[in-house]
**Q** 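Here's a structure for you.
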Amino acid sequence: MSDQKKDTAENGARRSSEVDPKLLEILVCPVTRGPLEYDREAQELVSRSAGLAYPIREGVPIMLPEEARRLED
């Protein structure tokens with residue numbers, strides 16, 4: 001694969017895993033209805049009040065409490 005095609009493929013993969021900023025503005029924790037923090041590196045939306053981190057898969061937030069990771073104290 002040429003360097004140009006490789007760069008384009010990597011940028012496309014990175015873009016597809018990004019969450020739409022407008023979506024982040026309106027999403028709230030489904031448990032507490034409180035604010036969420038976007039952890040770009042972990043690809044999670046964190047609800048400190050609920051103690052949960054909701055995964056983001058291929059740019060789509062999975063807002064199901066049963067899919068969330070419990071935060072460590």
Side-chain angles (χ1 to χ4, degrees):
M1 184 183 292
S2 74
D3 286 341
Q4 185 177 10
K5 285 184 181 179
K6 185 177 177 184
D7 287 344
T8 303
E10 286 175 3
N11 287 338
R14 210 174 295 130
R15 252 185 265 117
S16 69
S17 67
E18 290 293 318
V19 179
D20 183 340
K22 290 184 189 253
L23 182 62
L24 291 175
E25 289 177 18
I26 61 172
L27 283 177
V28 296
C29 174
V31 175
T32 66
R33 302 285 187 242
L36 296 166
E37 299 170 21
Y38 179 36
D39 184 338
R40 178 171 286 153
E41 188 174 310
Q43 285 296 288
E44 295 178 326
L45 291 174
V46 178
S47 171
R48 300 270 176 218
S49 56
L52 297 171
Y54 299 94
I56 299 170
R57 297 185 186 126
E58 297 180 16
V60 179
I62 310 300
M63 303 304 293
L64 301 170
E66 58 270 16
E67 292 286 324
R69 176 180 66 80
R70 286 226 161 264
L71 297 177
E72 304 284 324
D73 288 334

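All values derive from a computational prediction rather than experimental measurement. One is the number of the first residue; the rest follow in order along the sequence.
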**Q** Pick from L36, V31, L71: which one makes a side chain to side chain contact (heavy atoms under 4.5 Å, CB included) with L52?
**A**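 Looking at L36, V31, L71, the match for L52 under the side chain to side chain contact (heavy atoms under 4.5 Å, CB included) is V31.
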
**Q** How many angstroms lie between atom CZ of R70 and atom CD of E72, to the nearest 0.5 angstrom?
**A**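 Answer rounded to 0.5 Å: 11.0 Å.
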
**Q** Return a table of donor-acceptor pairs under 3.5 angstrom between the side chains of residues 59-66 and protein atoms on other chains or two or more places apart.
**A**
none

**Q** Can we say R57 and E44 salt-bridge, meaning some charged N sits less than 4.0 Å from an Asp/Glu carboxylate O?
**A**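 No, no charged N to carboxylate O under 4.0 Å.
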
**Q** Can you tell if the side chain of P30 reaches within under 4.5 Å of the side chain of Y54, non-hydrogen atoms only?
**A** yes

**Q** Enter the distance from E18:CD to I56:CD1 here, rounded to the nearest 0.5 Å.
**A** 9.0 Å

**Q** Please round to the nearest 0.5 Å and tell me the distance separating atom CD of E25 and atom OH of Y38.
**A**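 Between E25 CD and Y38 OH, I get 13.5 Å after rounding to 0.5 Å.
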
**Q** Is there a path from L23 to V28 through hydrophobic residues (I, L, V, M, F, W, Y) whose side chains come within less than 4.5 Å of each other?
**A** no

**Q** Any non-hydrogen side-chain atom of E37 less than 4.5 Å from a side-chain atom of L45?
**A** no

